[in-house]
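Reviewing the structure listed below.
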Amino acid sequence: MNSKAAERVARRRRRHAHVRKKVRGTAERPRLVIFRSLRHVEGQLVDDDRGVTLLGVSTRATAVRQAIADSGEEATGKTGESYSAGKMLAERAREAGVEQIVFDRGGYRYHGRVQAFADGARAGGLRF
């Protein structure tokens, strides 16, 4: 990794640590943490009290890819895929009995794919 990329990762980690000082997930209201790579987006529901991940969804998963293919016009590009993945995460969370969450943007700007994932989770029925 070149120094420019390493510096970018280090800056995001500092921003994420700053956000994590305030945002904490519990069993009743887990933390939805986002990770965004160049091609994909991942979201996980985390219970910080117990230190466990309750469930996770990624745009790389075959179930999500199939849901995106079935949805048709909803998934246009990476932003549309992020929206669909957020919606699927919300459906799985509701099945697990989670209705309220705390959103952790992971050091990324609340913009583009991160915002689309959050909007999809809201459309799926999660309350932030």
Side-chain angles (χ1 to χ4, degrees):
M1 190 179 326
N2 63 22
S3 62
K4 194 171 190 178
E7 179 62 28
R8 185 170 46 249
V9 169
R11 284 195 312 260
R12 186 192 73 80
R13 286 190 178 145
R14 277 196 300 270
R15 285 191 305 270
H16 191 200
H18 184 78
V19 171
R20 286 283 292 119
K21 286 180 187 175
K22 298 212 180 226
V23 177
R24 182 158 181 79
T26 63
E28 301 83 38
R29 195 169 174 184
R31 174 172 56 100
L32 170 58
V33 61
I34 300 289
F35 175 75
R36 186 191 76 195
S37 71
L38 291 177
R39 291 186 183 175
H40 298 285
V41 174
E42 300 174 13
Q44 295 181 340
L45 290 180
V46 179
D47 178 0
D48 291 314
D49 291 341
R50 292 186 297 156
V52 296
T53 300
L54 304 175
L55 62 101
V57 169
S58 170
T59 55
R60 291 182 299 172
T62 55
V64 175
R65 308 281 318 148
Q66 186 62 39
I68 290 169
D70 293 343
S71 68
E73 86 272 343
E74 189 176 274
T76 55
K78 294 186 284 188
T79 305
E81 290 178 0
S82 298
Y83 182 86
S84 298
K87 211 169 184 182
M88 178 170 273
L89 180 116
E91 292 167 7
R92 289 183 181 178
R94 303 268 320 246
E95 290 171 5
V98 175
E99 300 210 3
Q100 279 195 321
I101 61 164
V102 178
F103 188 69
D104 177 2
R105 59 189 174 85
Y108 303 105
R109 293 171 68 192
Y110 187 78
H111 172 75
R113 290 184 286 155
V114 174
Q115 183 177 359
F117 196 96
D119 291 343
R122 281 191 188 99
L126 288 180
R127 293 194 325 261
F128 291 39

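These figures come from a predicted structure and were not determined experimentally. Hydrogens, waters and symmetry mates play no part in the numbers below; they use all other heavy atoms, side chains included.
What you find for T59 and A85 is that their closest heavy atoms are CG2-CB, 3.9 Å. Across every non-hydrogen atom of I34 and Y108, the tightest pair is O-CE1, 3.8 Å. The two residues A27 and D47 have their closest heavy-atom pair at N-OD1, 3.5 Å. G56 and R92 make their closest contact through O-NH1, 3.8 Å (heavy atoms, listed as atom of the first residue, atom of the second, distance). Listed here is the closest heavy atom pair of A121 and A90: O-CB, 3.3 Å.
A heavy-atom distance below 4.5 Å is found between the side chains of R60 and E42. V102 has its side chain out of reach of R24: every pair of non-hydrogen atoms, C-beta onward, lies at least 4.5 Å apart.
With values rounded to the nearest 0.5 angstrom, D48 atom CG is found 9.0 Å from T26 atom OG1. Taken to the nearest 0.5 Å, the CG atom of L45 stands 4.5 Å off from the CG atom of L89. Between the CD atom in Q115 and the OH atom in Y83 there is a gap of 11.5 Å [rounded to 0.5 Å]. Between the CZ atom in R105 and the NE2 atom in H16 there is a gap of 9.0 Å [rounded to 0.5 Å]. With rounding to the nearest 0.5 angstrom, the CZ atom of R31 is 11.0 Å from the CG atom of D49. Atom CZ in R11 sits 7.5 Å away from atom CZ in R8 (nearest 0.5 Å).
Side-chain heavy atoms closer than 4.5 Å link hydrophobic residues (I, L, V, M, F, W, Y) into clusters, and following such links, possibly through other members, connects F117 to L55. Residues V46 and F128 are members of separate hydrophobic clusters, defined by side-chain heavy-atom contacts under 4.5 angstrom among Ile, Leu, Val, Met, Phe, Trp and Tyr. Cluster membership for V52 and V23, using ILVMFWY side-chain heavy atoms within less than 4.5 angstrom, is not shared. No continuous path of ILVMFWY side-chain contacts below 4.5 Å connects V33 to L126, so the two sit in separate hydrophobic clusters.
Remark: side-chain polar atoms of R94 are not paired, donor with acceptor, to backbone N or O of G97 under 3.5 angstrom. Looking only at distances, a side-chain donor or acceptor of K78 sits under 3.5 Å from a matching main-chain atom of L38. Of the possible polar contacts, none joining the T79 side chain to the G112 backbone as a donor-acceptor pair under 3.5 Å is found.
The salt bridge (charged side-chain N to carboxylate O under 4.0 Å, His left out) with E81 is formed by just one residue from the set R36, R113, R65; it is R65.
Atom CZ of R13 is surrounded by 12 or fewer heavy atoms from other residues, nucleotides or ligands within 6.0 Å.
A salt bridge between R127 and E28 is absent, with no side-chain N of the basic residue lying under 4.0 Å from a carboxylate O of the acidic one.
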